[in-house]
Amino acid sequence: MRLSAEAWGTIGAVEIVMRNVLAGAIAGRHAQLRPGSALRWYDGPPWFDTGRWFTSATLKGLDTAMDRAGDRGPGPWVHRGAEGKVVAELGLGFWRYLLVSRYEHSLWNPAMRAQFSQLSHLSGSDSRKLVYRRMEALNYLRNRVAHHEPIYEPFAIPGRPGKANPDDIIAEAIELVSWTNPSAAGWVQAQDSFQRTYASAL
C-alpha cells in the first residue's frame, strides 16, 4: 500500500508533464495546418482527416473527455481554460496510443519529435519507439496501482520478454521527462520517494 501511494505521486507528475507536452505539440501542428481556425485540435471535422489523424477509438476518447469537461465545442460559449480541462480528462493511455507507429508521420515527426530535444541524435522512428516504450511501461505500472495489484516485485508487460522492475520503470519515467523538460525532471526526482522505499523493501 505504501509503495502504491508513493508511486502514484511520481506517476501523476510524469503524466501531467507528458500530456501537456504532447497536447501542446498537437495544438501547434493544428495551428500550422489550419491558421486562424476557430476549431481546437480536438474538435470534430472538418479540420482533420479521420483516417489520417485519429482512429474511431481516439475520437471516442476525445468526445468523452469533452463531455466530462463540459466542453460543447467551438463557439461563443467556450469558457476560458476549456482546452486544459479536456486535456486533463484524457488518461495516460490516450497519450500513449498517440505514440504508436500509425501516428509517426502525421503527429510524431512533424510535431511531437521536436519537443524531445535530448533525443535529436536518434531517427524519428527510433525516438518515437523509445518514448512509446517508456510511456507503455508507465501506463502498465499505473494500471497495476489503480487496480490494487502488487508492485513490490517485477511483473510482465505483454509483448515484452522477461519482467519489468517497478523501480526501473519509475527511474526511466523520470528520465523520459528529462528528454523534454530537464527542470521538471529535476523537480520530479526531488519529490520522488518510491525508489527509496522500494529499495528498503527488498
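- Between R133 and E172 there is no salt bridge, since no side-chain nitrogen of the basic residue lies less than 4.0 Å from a carboxylate oxygen of the acidic one.
- A 6.0 Å sphere centred on CZ of R68 holds no more than 12 heavy atoms belonging to other residues, nucleotides or ligands.
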Working for side chain to side chain contact (heavy atoms under 4.5 Å, CB included), residues Y97 and Y103: CA-CA 9 Å; Y97 284 115; Y103 296 122; 5.7 Å; no
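- Put simply, the side chain of D168 never gets that close to the backbone of N165: no donor and acceptor are under 3.5 Å apart.
- Checked for salt-bridge contact, K163 and E153 miss the test: no charged N lies under 4.0 Å from a carboxylate O.
- In this structure, CD1 in I169 is found 8.5 Å from CZ in F194, a value given to the nearest 0.5 Å.
- Looking at every heavy atom in both residues, A13 comes nearest to V188 through CB-CG2, 3.9 Å.
- For the pair A82 and D71, the tightest heavy-atom approach, listed with the atom from each and the gap, is CB-OD2, 3.7 Å.
- Panel note: side chain R196, backbone D192; a donor-acceptor pair is recorded below 3.5 Å.
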Verify side chain to side chain contact (heavy atoms under 4.5 Å, CB included) between L98 and L22, making sure each step is shown before the conclusion. CA-CA 9 Å; L98 289 189; L22 298 180; 5.7 Å; no
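- Taking each heavy atom of Q195 and A171 in turn, the nearest pair found is OE1-CB, 3.7 Å.
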E104/L99 under side chain to side chain contact (heavy atoms under 4.5 Å, CB included): CA gap, chis, key distance, verdict: CA-CA 7 Å; E104 186 169 304; L99 294 165; over 6 Å; no
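- For the pair S4 (side chain) and M1 (backbone), a donor-acceptor distance under 3.5 Å is absent.
- Of the inter-residue distances, the one linking Q189 atom CD with I170 atom CD1 reads 10.5 Å to the nearest 0.5 angstrom.
- For the pair K129 and S101, the minimum side-chain heavy-atom distance is 4.5 Å or more.
- For the pair W95 and N139, the minimum side-chain heavy-atom distance is 4.5 Å or more.
- Here the shortest heavy-atom pairing between G124 and N109 reads CA-OD1, 3.4 Å.
- Between F155 and Y140, the closest side-chain pair of non-hydrogen atoms falls below 4.5 Å.
- One finds a salt bridge joining R2 and E6 here, because a Lys/Arg side-chain nitrogen approaches an Asp/Glu carboxylate oxygen to under 4.0 Å.
- By the 6.0 Å contact criterion, CZ on R19 is enclosed, its count of non-hydrogen atoms from other residues, nucleotides or ligands being greater than 12.
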Start with the C-alpha distance between T55 and T58, add both sets of side-chain angles, then the distance that settles side-chain hydrogen bond (donor to acceptor under 3.5 Å, both in side chains), and finish with yes or no. CA-CA 5 Å; T55 64; T58 301; 3.0 Å; yes
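- The distance from the CG atom of L107 to the NE2 atom of H30 is 12.0 Å, given to the nearest 0.5 Å.
- Heavy atoms of other residues, nucleotides or ligands lying less than 6.0 angstrom from NE2 of H148 number 12 at most.
- Once rounded to the nearest 0.5 Å, the distance linking CE of M135 with CG of L92 reads 5.0 Å.
- Using a cut-off of 4.0 Å between Lys/Arg side-chain N and Asp/Glu carboxylate O, R40 and D43 are scored as salt-bridged.
- Of the inter-residue distances, the one linking L119 atom CG with D126 atom CG reads 10.0 Å to the nearest 0.5 angstrom.
- Here the shortest heavy-atom pairing between V87 and A23 reads CG2-CB, 3.9 Å.
- Here the side chains of V21 and N181 are not in contact, with every heavy-atom distance at 4.5 Å or above.
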Could you please spell out the steps behind the side-chain hydrogen bond (donor to acceptor under 3.5 Å, both in side chains) verdict for W108 and S127? CA-CA 9 Å; W108 176 257; S127 58; 3.2 Å; yes
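- At least one donor-acceptor pair closer than 3.5 Å links the side chain of N20 to the backbone N or O of I16.
- Across all non-hydrogen atoms, the minimal contact from V145 to A7 is CG2-CB, 4.4 Å.
- The CH2 atom of W41 lies 15.5 Å from the CZ atom of R34; values are rounded to the nearest 0.5 Å.
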Residues E83, Y42; criterion side chain to side chain contact (heavy atoms under 4.5 Å, CB included); working and verdict: CA-CA 9 Å; E83 183 167 341; Y42 55 85; 3.5 Å; yes
Tell me which donor-acceptor pairs under 3.5 Å the side chains of residues 110-118 have, and how far apart each pair is, sequence neighbours excluded?
residue : atom : partner : partner atom : Å
R113    : NH2  : L122    : O            : 2.8

